[in-house]
Amino acid sequence: MWTNDPIKKAAMKKPGKDRGLGNKIKSEHASDFPSRPIEHSKSPYTIEHPKGISSTFLNANALKDNPGSFHKRKIVGRGPGSGLGKTAGRGTKGQKSRSGGSTRPGFEGGSNSLYKAVRKYGFKNPNKIDYKELNLNQLQLYIDTGRIVQPEDRPLTIRDLKDSGVFKGLNRPVKILGNGKDNFRGPASTPLNIEVQAVTASAREAIENSGGKVTTVYFNKLGLFQYLRKPHDSITIRFARPPTKKAHRYDVPVFSFPGRPTGIDDEIEEQPSEESEESEMDYA
């Protein structure tokens with residue numbers, strides 16, 4: 001009952017929540033917990049097991065979904081006798097009651113839509129190359145921890161970066177960035193010799209100042225897939241040359257394995273000169 005007495009008002013207030021005591025014992029009877037969970041009246045287990053949960057409840061051959069977790073599919077459009085209405089919950093007539101009568105996203109009843117009225121900015125560059133970036137500070141950390149080891153007889157490749165776990169599931173070209181160039185010193189024993197697809201000017205300068213060498217190599221999508229996924233002994237394809245407008249970015253125009261020809265010389269056929277053709281016609 002409503003009252004204006006402040007003492008009675010304070011007594012009518014709901015008790016506040018108990019503040020937690022952390023790991024302290026809240027009462028002397030805190031250790032007297034039941035050995036099994038308390039089966040309250042609203043528990044779904046008591047609905048299915050009114051006599052109590054049996055000891056074989058968690059047996060593998062008796063496991064099943066909780067009561068109420070599976071709902072029967074609602075089937076509409078079967079007439080008023082189904083209990084779901086004559087019009088299947090769509091109302092009477094109108095565009096939205098028809099099959100396929102919904103409007104597209106952004107439709108505003110025929111008036112100029114917001115996405116048409118707002119100015120559009122930017123574009124998507126179709127020639128953009130999505131690189132996997134590697135900073136010099138990360139590269140130095142992997143070298144110091146022994147995750148990357150510089151081979152003595154060949155350069156360090158992106159296949160080595162993938163196999164060492166630096167890039168998990170690598171499927172993109174790699175670019176070295178210059179973050180951490182001031183503290184980069186490379187391996188202690190052997191100078192760094194690495195092959196990647198792109199490198200910034202500051203990163204190249206830092207690697208060369210430490211006595212190392214970095215080479216940019218071109219791979220198209222097929223060549224990159226073969227190089228990263230298949231054993232190198234089983235690769236029989238000839239790697240593609242870069243596009244004419246992008247050839248200046250790469251130190252190696254056409255990649256090839258050591259000891260294998262690039263295949264460029266085979267494509268250039270020796271064409272007879274005009275002088276030899278004239279001499280043959282004179283003798284004929």
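Start at 1 with the first residue, then count along the sequence.
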Give a yes or no on this: more than 12 heavy atoms of other residues, nucleotides or ligands lie within 6.0 Å of atom NZ of Lys120.
yes
Contacts satisfying side chain to side chain donor-acceptor pair (under 3.5 Å) that involve residues 206-226 (not counting sequence neighbours) are Thr216-Asp251
Applying side chain to side chain contact (heavy atoms under 4.5 Å, CB included) to Asn112 and not counting sequence neighbours gives Lys116, Ala117
Residue pairs meeting ring-ring contact (aromatic ring centres under 6.0 Å, His included), one or both in residues 136-164, sequence neighbours left out, come to none
Sorted by chain and residue number, the side chain to side chain contact (heavy atoms under 4.5 Å, CB included) partners of Thr145 (sequence neighbours excluded) come out as Leu141, Arg147
Hey, do the aromatic rings of Phe239 and Phe257 have their centres closer than 6.0 Å?
-> yes
Which side-chain N or O atoms in residues 152-161 pair as donor and acceptor under 3.5 Å with protein atoms at least two apart or in another chain?
| from | atom 1 | to | atom 2 | distance (Å) |
| --- | --- | --- | --- | --- |
| Arg154 | NH1 | Asp160 | OD2 | 2.8 |
| Arg154 | NH2 | Asp160 | OD1 | 3.2 |
| Thr157 | OG1 | Arg159 | N | 3.4 |
| Thr157 | OG1 | Asp160 | OD2 | 3.3 |
| Thr157 | OG1 | Tyr227 | OH | 3.4 |
| Arg159 | NE | Asp163 | OD2 | 3.4 |
| Arg159 | NH1 | Tyr227 | O | 2.8 |
| Arg159 | NH1 | Lys230 | O | 2.8 |
| Arg159 | NH1 | His232 | NE2 | 3.3 |
| Asp160 | OD2 | Thr157 | N | 3.1 |

Self-check item: Transitive ILVMFWY side-chain link Leu177 to Val166, under 4.5 Å
Solution: no
query = Has the side chain of Ser164 got a donor or acceptor atom that lies under 3.5 Å from a matching backbone atom of Ile148?
reply = no
Closest heavy-atom pair, Leu224 versus Asn171, reported as atoms and distance to 0.1 Å, is CD2-O, 3.8 Å
Which atom pairs, donor and acceptor, lie under 3.5 Å between side-chain atoms of residues 179-191 and protein residues at least two apart or in another chain?
| from | atom 1 | to | atom 2 | distance (Å) |
| --- | --- | --- | --- | --- |
| Arg185 | NH2 | Asp144 | OD2 | 3.1 |

### Message
Is the shortest side-chain heavy-atom distance between Lys162 and Lys168 below 4.5 Å?
### Response
no
For Gly77 and Ala88 the tightest heavy-atom approach is N-CB, 3.6 Å
Across all chains, not counting sequence neighbours, the side chain to side chain donor-acceptor pair (under 3.5 Å) partners of Tyr115 are Arg104
All heavy atoms of Arg204 vs all of Val214, minimum pair found to be NH1-O, 3.4 Å
- Item | Side chain proximity check, Thr200 to Lys175, heavy atoms < 4.5 angstrom | yes
### Query
Are Leu222 and Leu170 joined in one hydrophobic group, where the rule is that I, L, V, M, F, W and Y side chains link up if heavy atoms are under 4.5 Å apart?
yes
For residues 126-139, which side-chain N or O atoms pair as donor and acceptor with protein atoms under 3.5 Å away, sequence neighbours left out?
| from | atom 1 | to | atom 2 | distance (Å) |
| --- | --- | --- | --- | --- |
| Asp130 | OD1 | Arg172 | NH1 | 3.0 |
| Asp130 | OD2 | Arg172 | NH1 | 2.8 |
| Gln138 | OE1 | Asn135 | N | 3.1 |

Residues passing the side chain to side chain contact (heavy atoms under 4.5 Å, CB included) test with Thr103, sequence neighbours excluded, are Gln95, Phe107
CD1 (Ile207) and CD1 (Ile194) are apart, to the nearest 0.5 Å, by 6.5 Å
Q. Around atom NZ of Lys246, are there more than 12 heavy atoms of other residues, nucleotides or ligands at under 6.0 Å?
A. yes
For Ser97, the side chain to side chain contact (heavy atoms under 4.5 Å, CB included) test, sequence neighbours excluded, returns Arg90
Value for CZ (Arg241) from OH (Tyr250), rounded to nearest 0.5 Å, stands at 14.5 Å
Determine yes or no for a side-chain-to-main-chain donor-acceptor pair under 3.5 angstrom, with Gln197 supplying the side chain and Phe219 the backbone. no
Apart from Leu114 itself, its cluster of hydrophobic side chains linked below 4.5 Å comprises Val118
